[in-house]
**Q** 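This is the structure I want to talk about, given as structure tokens.
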Protein chains: 2
Amino acid sequence: MLRERGLRLTAQRQLVLEAVYDLGHATPDQVHCKVAETAAGVNISTVYRTLELLEDIGLVTHTHLSHGAPTYHAALEEQHVHLVCRGCGRIDEVQPSALDEVSARLKDDRGFQLDVGHVSFFGKCKSCAGG
Amino acid sequence: MLRERGLRLTAQRQLVLEAVYDLGHATPDQVHCKVAETAAGVNISTVYRTLELLEDIGLVTHTHLSHGAPTYHAALEEQHVHLVCRGCGRIDEVQPSALDEVSARLKDDRGFQLDVGHVSFFGKCKSCAGG
DNA sequence: ATCCTTGCAAATCATTTGCATGATT
DNA sequence: AATCATGCAAATGATTTGCAAGGAT
């Protein structure tokens, strides 16, 4: 996919991509740490650049969770809606189909085309809400 | 409300609160600019501290929109769901009741208690999607 | 008079950028 | 060999913090 665009295949790019797929959800910093386990010398700015690149190509996507830290995840895996717990910080996922109705209504009423893959819901998970 | 907590009522705090209510949705920086129109000397760090304080007290809330910038808004006004357009950046709002079904299902299926006031949907607005 | 708040400046954290070196095609 | 990509360091932008001076109660 890189070569199709005249771009080069480098070890760093492979590592960043693998890290994102391994970690599931990760901030640029977390990706950097993961990559560093294998290749300690990889610079954080390379991670940023690579994440941006991989997102352009369509191999990863990102969402904004809690305090604004972007978290990246694989784009080729099934899309999902994030459930972020304000109590313990845990991130759960649900099927995007859970939003089908809302999505349809937004489109009909407002013409708003919802990007289902980037939805994050905040709240309290079972254990934190249960009290 | 401040006095109930043994806190003091200051001009800065009033100004920040008014700014948030006036602006509707605003980043800390925008609040700072608004406040500066009246009192130029107010420091940005005071704005941050005050926003945090007002949020503690329950007078304002914040959500994370697009690139992670927190936007604050009045907590006493009716809650709403944000529709953020990736094309033009416009922010629209819809009734939280639009999420009633989803909210109920999340609670039943997962025990997840959705914080409806903090939901932001990303996508394309009518004009940007229409093409 | 007390002690909470502010302003200021410096510290911190996240992210971006310029540029020379090094790697991939 | 020709470019593209990386590492490094410095720049930038957002947010936080320590501390002394000022203000509300």
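So you know, we letter chains A, B, ... as the sequences are listed, proteins then strands, and number each from 1.
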**Q** Rounded to the nearest Å, what distance is computed from the NE2 atom of residue A/His32 to the P atom of nucleotide D/dT6?
**A**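 From A/His32 NE2 to D/dT6 P: 13 Å.
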**Q** Roughly, in whole Å, what's the span from CG in A/Leu15 to P in D/dG7?
**A**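 Roughly 10 Å, once rounded to whole Å.
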**Q** Output yes when at least one side-chain N/O atom of A/Ser45 is less than 4.0 Å from OP1 or OP2 of C/dT16, else no.
**A**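 The answer is no; no side-chain N or O of A/Ser45 sits under 4.0 Å from OP1 or OP2.
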**Q** Rounded to whole Å, how long is the line connecting atom CD of A/Gln12 with atom P of C/dG22?
**A**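 Rounded to whole Å, this separation is 14 Å.
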**Q** Rounded to the nearest angstrom, tell me the gap between atom CG in A/Leu53 and atom C1' in C/dT16.
**A**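 A/Leu53 atom CG is separated from C/dT16 atom C1' by 16 Å.
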**Q** With the side chain of A/Pro28 defined as its heavy atoms from C-beta on, choose the nearest nucleotide among D/dC8, D/dC19, C/dT15.
**A**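 Per side-chain heavy atoms of A/Pro28, the pick is C/dT15.
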**Q** Among pairs that include at least one residue of residues 27-58 of chain A, which meet ring pair (Phe, Tyr, Trp, His ring centres under 6.0 Å), considering only residues two or more places apart or in two chains?
**A**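 For residues 27-58 of chain A: none.
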**Q** Classify B/Gly41 by what it touches in the nucleic acid, base, sugar-phosphate, or nothing, heavy-atom distance under 4.0 Å.
**A**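 Sugar-phosphate only.
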**Q** Any base atoms under 4.0 Å from B/Arg13, or only sugar-phosphate, or nothing? Heavy atoms, all strands.
**A**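 Counting heavy atoms under 4.0 Å across all strands, the contact made by B/Arg13 is with sugar-phosphate only.
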**Q** Could you tell me how far apart A/Ile44 (CD1) and D/dT12 (P) are, to the nearest whole angstrom?
**A**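 Atom CD1 in A/Ile44 sits about 20 Å away from atom P in D/dT12.
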**Q** Hey, what do you get for OG1 (B/Thr63) to CZ (A/Phe122), rounding to the nearest 0.5 Å?
**A**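 Going from OG1 on B/Thr63 over to CZ on A/Phe122, the span is 9.0 Å.
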**Q** Please collect all salt bridge (Lys or Arg N to Asp or Glu O under 4.0 Å) contacts where either partner lies in residues 89-108 of chain A, sequence neighbours excluded, each pair once.
**A**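 Matches after skipping sequence neighbours: A/Arg90-A/Asp92, A/Asp92-B/Arg110, A/Glu101-B/Arg105, A/Arg105-B/Glu101.
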**Q** Sub-3.5 Å donor-acceptor pair from the side chain of A/Thr46 to the main-chain atoms of A/Val42, do we have one?
**A**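 No, because the side chain of A/Thr46 does not come within donor-acceptor range (under 3.5 Å) of the backbone of A/Val42.
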**Q** What is the distance, rounded to the nearest whole Å, between atom CD of B/Gln14 and atom C1' of D/dG23?
**A**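 The answer, rounded to whole Å, is 14 Å.
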**Q** How many Å lie between CZ on A/Arg49 and C1' on C/dT16, as a whole number?
**A**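 About 9 Å, once rounded to whole Å.
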**Q** As an exercise, state the distance from CG of A/Leu23 to SG of A/Cys33, rounded to the nearest 0.5 Å.
**A**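 Separation between the atoms: 9.5 Å.
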**Q** Please tell me which of the listed nucleotides, C/dT16, C/dT6, D/dT17, lies nearest to the side chain of B/Thr50?
**A**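 Of the options given, the side chain of B/Thr50 lies nearest C/dT6.
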**Q** Sort me out a list of protein N/O and nucleotides 23-25 of chain C N/O pairs below 3.5 Å, or just none if empty.
**A**
unit_1	atom_1	unit_2	atom_2	d
C/dT24	O2	A/Arg8	NH1	3.1
C/dT25	OP1	A/Arg3	NE	3.4
C/dT25	OP1	A/Arg3	NH2	3.2
C/dT25	OP1	A/Leu9	N	3.4

**Q** In Å and rounded to the nearest 0.5 Å, what is the CZ to CG distance from B/Arg5 to B/Asp56?
**A**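 The distance works out to 6.5 Å.
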**Q** Contact class for A/Thr27 vs. all strands (heavy atom < 4.0 Å): base, sugar-phosphate, or nothing?
**A**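 Here A/Thr27 touches no strand at all.
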**Q** Expressed as a whole number of angstroms, how long is the span from A/Leu51:CG to D/dA5:P?
**A**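 Nearest whole value for this atom pair: 15 Å.
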**Q** Any donor-acceptor pair under 3.5 Å linking the side-chain atoms of B/His25 with those of B/His62?
**A**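 No - no donor-acceptor pair under 3.5 Å links their side chains.
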